[in-house]
Student: 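Below you will find the structure I want to go over with you.
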Amino acid sequence: MIQAGDVKAIYLDEGTANPLLMKTLSLKPLLFEIHNVLNAEECAHFINVAKEKGLQKSITTNKRPEHERFVLADYDQNQELSVEEMRWTIEGSMDIYLDDEDILEMYRKTNVDKNEDGIIDEVELKSFTPKHMQAYLSDFLKNQPEKHSRFSEQLWLFPRNSTDEVFQSLQKRISKVTELAPEIIKKSDFQVVRYDKKGHYNAHYDSTRKSNLPCCVEEHQGDCRICRFMTALAYLNDVEEGGETAFPVADNETVNVGVIKDKQLLNLNKYCDRANLKIKPELGKLVIWYNHFLDPDTDWLGEMDRHSIHGGCSVTSGEKWIANFWITASHDKEKDLEQMFKTLMKDEL
Ligand SMILES: O=C(O)CCC(=O)C(=O)O
Ligand SMILES: [Fe+2]
């Protein structure tokens, strides 16, 4: 039976004296860390290629149409908004994570809470306009961009169309440590991400739950679902302080959405210390985890593991560079295998 703390030796090449050591960090989700998968030169190569090509501000997607985006979270339906409900309203509608102090300051500056009791009551709600608040928050974000759920820059790299030896060699290593065929690994791209001071990424899922959407892809595309069976994340530098990868509910018995909300566990800009598991970024280290279970019937992509929720804590000093590598699969094993077979034939020609 596998346990947290277990260590397995992986020999990349036959006859090498120094194996990689793969340590199990949690079972829910199933998660491993391996030091020294990349050396300093290889990490610098990734960073230099990314710098040369140029990174762009990371964005998070909100699929709701503009006019439906602002929804008051009056969960107890008492026709007024508590500070907590206002926090949920702003998180859900605008992807901005405020603490209670920020909200009270917003009330003072916009004068929406006229009687200053911290509650937006029925009368105050009548004169409340989302547009007004949105304008205030856009301005607020200019000075505090870290209040967004994600604050970083990124760039996609496409090893499929490249002869870059470092990329190819990392693909080989990922294939070796995951014990997945190179044809599966080769389908994926790399995403390089840079976080500056205060940079972070609030807790999220890398994949999505089973739905009726007709297709499964690695990155947002039309009406497809994102299906990332596994995540492999490589740290490309040592971070002076902060920037851990956090799994707020790792190895909890169950995943309770109410608790996540109440304890503000998604907000890794502020409450990283509340996470059950934090992984220190260290140059060359790779962490890999399963975002999905295996389907017991097909032995292929199964339901998503809700324990896999994770994110990047705030960098408090220095900068942080990572490379994400998502291993994708769909629920249709036959189709996936057929496609992989085609890739294999093309490569051999
Ligand atoms: O920066 C990290 O440690 C986590 C990044 C992450 O979860 C992502 O890019 O999807
Ligand atoms: Fe992620």
Side-chain angles (χ1 to χ4, degrees), residues 6-25 30-50 52-53 155-193 206-207 217-219 227-237 245 279 281-292 294 299-301 321-330 336-349:
D6 283 355
V7 177
K8 177 181 159 189
I10 299 172
Y11 292 86
L12 284 183
D13 303 304
E14 267 170 50
T16 44
N18 298 321
L20 293 176
L21 299 177
M22 179 160 103
K23 184 170 175 188
T24 309
L25 297 188
L30 189 52
L31 185 152
F32 310 93
E33 100 179 339
I34 315 169
H35 283 95
N36 304 317
V37 172
L38 291 168
N39 63 31
E41 222 173 284
E42 291 165 328
C43 289
H45 179 73
F46 268 97
I47 293 177
N48 288 335
V49 172
E52 245 166 58
K53 292 188 187 283
L155 168 80
W156 283 96
L157 297 173
F158 304 101
R160 250 174 301 185
N161 311 330
S162 146
T163 52
D164 189 302
E165 281 174 20
V166 178
F167 297 172
Q168 286 170 0
S169 137
L170 178 58
Q171 285 183 318
K172 272 197 201 133
R173 287 174 221 176
I174 291 177
S175 160
K176 188 91 185 184
V177 299
T178 56
E179 296 182 9
L180 289 171
E183 289 71 35
I184 297 185
I185 303 297
K186 276 193 205 157
K187 291 198 306 172
S188 305
D189 305 316
F190 295 117
Q191 186 191 60
V192 177
V193 185
D206 280 357
S207 197
V217 291
E218 181 180 6
E219 187 52 13
C227 297
R228 296 169 176 162
F229 176 50
M230 289 179 85
T231 300
L233 184 162
Y235 300 104
L236 303 175
N237 73 329
T245 304
I279 303 165
E282 289 171 287
L283 185 146
K285 181 163 85 179
L286 188 76
V287 282
I288 46 179
W289 68 86
Y290 289 84
N291 297 307
H292 286 258
L294 281 178
D299 230 12
W300 206 249
L301 189 77
W321 287 86
I322 58 165
N324 275 314
F325 191 90
W326 287 295
I327 297 160
T328 55
S330 78
D336 281 0
L337 287 176
E338 196 182 306
Q339 213 161 29
M340 269 181 251
F341 185 68
K342 275 192 202 146
T343 316
L344 187 65
M345 297 310 284
K346 217 164 58 200
D347 283 357
E348 282 186 354
L349 285 176

Student: Please list all pairs meeting salt bridge (charged side-chain N to carboxylate O under 4.0 Å, His left out) that have one or both residues in residues 168-181, counting only residues at least two apart or in different chains.
Tutor: K8-E179, E42-R173
Student: How many angstroms lie between CG in N324 and CG in D189, if you round to the nearest 0.5 Å?
Tutor: 11.5 Å
Student: Could you tell me which non-hydrogen atom of K285 sits nearest to which non-hydrogen atom of E33, and how far apart they are?
Tutor: NZ-OE1, 3.0 Å
Student: More than 12 non-hydrogen atoms from neighbouring residues, nucleotides or ligands closer than 6.0 Å to CZ on F341, yes or no?
Tutor: no
Student: Evaluate the ring planes of Y290 and F32, with Trp represented by its six-membered ring, and classify them as parallel (under 30°), tilted (30 to 60°) or perpendicular (over 60°).
Tutor: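 Ring orientation of Y290 relative to F32: perpendicular.
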Student: Evaluate the criterion side-chain contact (heavy atoms from CB on, under 4.5 Å) for residue pair L157 and S162; output intermediate values, then yes/no.
Tutor: CA-CA 9 Å; L157 297 173; S162 146; over 6 Å; no
Student: Could you report the tightest heavy-atom contact between S188 and P159, atom names first, then the distance?
Tutor: O-CG, 3.6 Å
Student: For D6 and T24, indicate whether the former's side chain and the latter's backbone hold a donor-acceptor pair under 3.5 Å.
Tutor: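 Checked: no pair found.
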Student: If I take atom CG from residue L170 and atom OG from residue S175, how far apart are they, to the nearest 0.5 angstrom?
Tutor: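 Between atom CG of L170 and atom OG of S175 there are 11.0 Å.
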Student: Suppose we screen for ring-ring contact (aromatic ring centres under 6.0 Å, His included). Which residues come up paired with F190, at least two apart in sequence or across chains?
Tutor: F46, F167, F325
Student: Where is the tightest heavy-atom contact between C227 and A329, given as atom of each residue plus distance?
Tutor: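 So the minimum-distance heavy-atom pair works out to CB-O, 3.1 Å.
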Student: Determine whether a donor-acceptor pair (N or O, by modelled atom type, separation under 3.5 Å) exists between the side chain of R228 and the backbone of W326.
Tutor: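 A pair under 3.5 Å: no.
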Student: What's the separation between atom CG in L233 and atom CD1 in I279, rounded to the nearest 0.5 Å?
Tutor: 8.5 Å
Student: Of all residues at least two apart in sequence or in a different chain, which pass the side-chain contact (heavy atoms from CB on, under 4.5 Å) check with Q168?
Tutor: Q171
Student: Suppose we screen for side-chain contact (heavy atoms from CB on, under 4.5 Å). Which residues come up paired with N48, at least two apart in sequence or across chains?
Tutor: A44
Student: For L38 and H45: C-alpha separation, side-chain torsions, deciding distance, then whether side-chain contact (heavy atoms from CB on, under 4.5 Å) applies.
Tutor: CA-CA 10 Å; L38 291 168; H45 179 73; over 6 Å; no
Student: At their closest point, which heavy atom of K187 faces which heavy atom of E183, and how far apart are they?
Tutor: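 Looking at all heavy atoms of both residues, the closest pair is CG-O, 3.5 Å.
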Student: Would you compute the distance between atom CD1 of I184 and atom CD of Q339 and round it to the nearest 0.5 angstrom?
Tutor: 12.0 Å
Student: Indicate the atoms forming the closest heavy-atom contact of A232 with I174, along with that distance.
Tutor: CB-CD1, 4.2 Å
Student: With side-chain contact (heavy atoms from CB on, under 4.5 Å) as the test, pick out the partner of Y235 among V287, L283, V37.
Tutor: V287
Student: What is the distance from atom CD1 of I327 to atom CG of N291, rounded to the nearest 0.5 Å?
Tutor: 9.5 Å
Student: Could you list all the salt bridge (charged side-chain N to carboxylate O under 4.0 Å, His left out) pairs where at least one residue sits in residues 16-25, not counting sequence neighbours?
Tutor: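 Output for this query is empty, none listed.
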Student: Looking at CG of L31 and CD1 of I288, how far apart are the two atoms once the value is rounded to the nearest 0.5 Å?
Tutor: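 Here the interatomic distance stands at 8.5 Å.
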Student: Output all residues satisfying side-chain contact (heavy atoms from CB on, under 4.5 Å) with A17, sequence neighbours left out; order by chain, then residue number.
Tutor: none
